[in-house]
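Okay, structure first, notes after.
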Amino acid sequence: MIRPGRLTRKTAALSVGRGAGVAAQFALNMFLVRVVSQHEFGWFHEIRVVLTFAALLDLGIPLGLLQVAGAAEPGRRHGLYRTALAIAGAAGLATGAILFLAGLLPAFTGLSSAFAWSGLLIAATIVAAVLESALVVEERHAAIAAISATSAVGGLVLALAGVLWRPSISVAYAALALAACARAVALAKVTGVARTGVQWRPLAGAVQLLKTSIAVSGHRALGIASGTIDRAVVGIFFSAGTLGWYVTGAWEVPFMSVFFSAIASAILPEMSAHWTAKKNADILAVWHRSITLSAWLIFPIWLWSWIWAPELLRVLFTRQYEDGLPVFRIYLLALPVRIAVYSALLVAMEKSRVLVNGAVIDVAVNLVLSVVLAVAIGPLGPAVATVVATYSQAGYYVASVRGDLPVQRVGFFPWGSLFWALTAAGLVTLPTLVLRRVFEGDLPRAGIALAWTGCILAAGAVFALRKRGTEGE
């Protein structure tokens with residue numbers, strides 16, 4: 001059994017590496033909008049959309065390796081690592097070759113170099129993902145965090161220096177590809193897969209690994225599709241320049257996904273125990289507490305982001321990308337429904353099939369509506385479709401589980417707590433509107449408003465912790 005503290009350290013270590021990658025990509029976007037044209041920036045993200053879908057060609061080997069190697073005897077693991085590396089390496093090279101050849105097509109005139117470097121990037125990324133899974137099995141989480149964070153920062157610094165020297169998305173992709181290769185080499189060295197003296201039967205366990213990998217990769221593929229469909233539709237139906245301003249608005253507050261993952265990790269064991277003991281009322285109580293906690297943090301950030309969205313986007317992406325403002329506010333409309341961590345509830349109640357069905361609904365609604373609304377109302381259509389798909393998925397989850405919980409008396413959602421959380425958020429953030437009359441400049445206005453909101457949130461958190469400590473005594 002994994003002790004809670006040990007699990008927390010593992011989660012934190014993996015979050016550091018992944019969080020560094022997200023932060024580095026965001027910082028690179030902020031830099032690129034200032035040094036390349038909007039058309040080039042759009043093409044940078046056109047290629048990223050292709051890379052996102054191309055990552056599915058790893059056949060799910062990194063996920064499958066976690067299960068197969070994790071259940072194998074320690075003596076067999078290195079053979080499985082090398083088998084996984086051979087399969088994923090071949091898939092990565094094939095994917096890279098496809099991207100290289102795609103760059104030679106007449107439709108991508110002038111982008112052959114960017115596609116070539118992106119091919120190397122995806123090949124190295126697929127190999128690194130397998131090696132990272134091997135280190136997870138070996139419980140080398142600190143090594144993963146250190147290598148991933150160093151690679152993210154190194155790739156960012158190399159990209160900044162390269163693009164300053166020669167403003168081009170090809171240079172940016174070259175820097176990212178070289179950093180990914182360095183990451184793969186470092187992971188290989190720590191894993192020891194290249195160590196001599198280790199016996200290895202060629203493709204040992206390949207059939208089992210492939211079967212498991214393909215079986216577990218479906219939900220991951222749905223998640224990737226769900227998060228990329230709107231950008232893909234915008235890229236297909238509109239110009240690269242349009243995609244350039246679209247992506248500056250199509251994002252959520254970066255740490256939200258980390259926060260929701262932490263909430264899920266915290267409540268899942270408790271809800272699972274209550275479900276096993278048939279204490280459905282206690283499951284609902286934990287569910288309500290998690291939503292209330294999320295609301296008191298998320299609602300102030302949500303309202304602040306809505307109020308100060310114009311200043312925020314101008315500071316991050318300059319006035320040239322102000323067209324992304326409506327997209328950003330449309331995306332914000334999905335945040336309130338996401339304060340509930342549906343995945344933890346469904347897994348605890350042993351409804352994994354519902355989780356998969358919901359992902360299918362999300363992708364289907366998103367795809368159909370994105371195309372229809374792109375034709376009907378233009379580039380904002382896919383953003384609207386993304387939000388509608390999110391609410392459709394949440395509605396399906398609620399309808400699937402509420403019959404198993406005693407919601408007649410207290411309700412499925414803690415509406416009273418949500419009302420007070422939203423009211424408090426309004427009292428904290430709405431007064432910051434006066435800053436628009438007092439200060440000049442986007443950065444001072446938004447910065448002071450953010451500092452005010454952050455201080456109030458911190459003070460509220462300290463008060464809540466002290467109150468809980470007093471009640472515990």
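Applying the side chain to side chain donor-acceptor pair (under 3.5 Å) test to pairs two or more places apart or on separate chains, those with a residue in residues 324-337 are Asp230-Tyr331.
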### Task
Any chance you could lay out the ring pair (Phe, Tyr, Trp, His ring centres under 6.0 Å) test for Trp304 and Phe299, step after step, and finish with the verdict?
CA-CA 8 Å; Trp304 180 90; Phe299 281 171; over 10 Å; no
### Task
List the steps and the verdict of side chain to side chain contact (heavy atoms under 4.5 Å, CB included) for His45 and Asn29.
CA-CA 10 Å; His45 283 278; Asn29 284 340; 3.0 Å; yes
#### Entry: Chi angles and distances behind the side chain to side chain contact (heavy atoms under 4.5 Å, CB included) call for Leu176, Leu28
CA-CA 10 Å; Leu176 296 176; Leu28 181 57; 4.1 Å; yes
### Task
Would you sort out whether Phe317 and Trp245 count as a ring pair (Phe, Tyr, Trp, His ring centres under 6.0 Å), showing the intermediate values?
CA-CA 9 Å; Phe317 302 113; Trp245 61 255; over 10 Å; no
### Task
For Met271 and Met349, run side chain to side chain contact (heavy atoms under 4.5 Å, CB included): C-alpha distance rounded to whole Å, both residues' side-chain angles, the deciding distance at 0.1 Å, then the answer.
CA-CA 8 Å; Met271 288 199 297; Met349 296 176 67; over 6 Å; no
### Task
Please test Leu316 against Phe26 for side chain to side chain contact (heavy atoms under 4.5 Å, CB included), starting from the C-alpha separation and ending with a verdict.
CA-CA 10 Å; Leu316 294 177; Phe26 198 84; 3.9 Å; yes
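Applying the salt bridge (Lys or Arg N to Asp or Glu O under 4.0 Å) rule to Arg314 yields the partners Glu322, Asp442; only residues at least two apart in sequence or on another chain are considered. Scanning for side-chain contact (heavy atoms from CB on, under 4.5 Å) contacts around Ser151 gives Ala179, Arg183, with sequence neighbours left out. Residues that satisfy the side-chain contact (heavy atoms from CB on, under 4.5 Å) test with Val347, not counting sequence neighbours, are Leu268, Leu355. In this structure Thr228 satisfies the side-chain contact (heavy atoms from CB on, under 4.5 Å) test together with Val49, Thr52, Phe53, Ile224, sequence neighbours excluded. Listed by chain and residue number, Trp308, Thr432, Phe439, Ile448, Ala449 satisfy the side-chain contact (heavy atoms from CB on, under 4.5 Å) test with Leu435 (two or more places apart in sequence, or in another chain).
Note that the CD atom of Glu46 and the CD1 atom of Ile236 stand 8.5 Å from one another [nearest 0.5 Å]. Taking OH of Tyr173 as the start and CD1 of Ile122 as the end, the distance is 10.0 Å to the nearest 0.5 Å. In this structure, NE2 in His288 is found 8.5 Å from OG in Ser417, a value given to the nearest 0.5 Å. Separation of atoms NE2 (His274) and CD1 (Ile283) is listed at 7.5 Å; rounding is to 0.5 Å. Ile298 contributes atom CD1, which lies 13.0 Å from atom CG of Leu422 (distance to the nearest 0.5 angstrom). Expressed to the nearest 0.5 Å, how far CG of Asp362 lies from CG of Leu367 amounts to 11.0 Å.
Side-chain N or O atoms of Trp302 include none that pairs as donor or acceptor with a backbone N or O of Leu335 at under 3.5 Å. Side-chain atoms of Ser226 do not come within 3.5 Å of backbone N or O of Leu222 as any donor-acceptor pair. In terms of modelled atom types and a separation under 3.5 Å, the side chain of Ser148 and the main chain of Ile144 share a donor-acceptor contact. With hydrogens and angles ignored, the 3.5 Å screen pairs a side-chain donor or acceptor of Arg34 with a backbone N or O of Met30.
In this structure, Phe41 has its ring center closer than 6.0 angstrom to the ring center of Tyr321.
The closest side-chain heavy-atom distance from Asp282 to Val286 is not below 4.5 Å. Using a 4.5 Å heavy-atom threshold, the side chains of Leu418 and Ile339 count as touching. Two residues are said to be in side-chain contact when any heavy atoms from C-beta on lie closer than 4.5 Å; Thr248 and Leu313 fail this criterion. Side chains of Leu131 and Leu135 form no contact here, defined as non-hydrogen atoms less than 4.5 Å apart. Taking 4.5 Å as the limit, some side-chain heavy atom of Arg231 sits within range of a side-chain heavy atom of Leu243. No side-chain heavy atom of Tyr81 sits less than 4.5 Å from a side-chain heavy atom of Ser133. Side-chain contact between Val354 and Tyr396 is present, with at least one heavy-atom pair separated by less than 4.5 Å. Contact of the Thr292 side chain with the Phe413 side chain is not registered, since no non-hydrogen atoms from C-beta on lie closer than 4.5 Å.
Scanning both residues, Ala88 and Val130, for their nearest heavy atoms gives CB-CG2, 3.3 Å. Gly426 and Pro431 get closest at one heavy-atom pair: O-CD, 3.7 Å. The shortest heavy-atom contact between Val327 and Ala250 is CG1-N, 3.7 Å. Here the closest heavy-atom approach between residue Phe44 and residue Ala172 is recorded as CE1-CB, 4.1 Å. Across Pro382 and Pro379, no two heavy atoms sit closer than the pair CD-O, 3.2 Å. For Ala184 against Ala124, the heavy-atom pair with the smallest separation is CB-O, 4.0 Å.
Relative ring orientation between Trp287 and Phe412 is described as tilted, the plane-to-plane angle lying within the 30° to 60° band. By the 30° and 60° cut-offs, the orientation of the rings of Tyr342 relative to Tyr397 is tilted.
Electrostatic pairing of Lys279 and Glu270 does not count as a salt bridge here, judged by no charged N lying under 4.0 Å from a carboxylate O.
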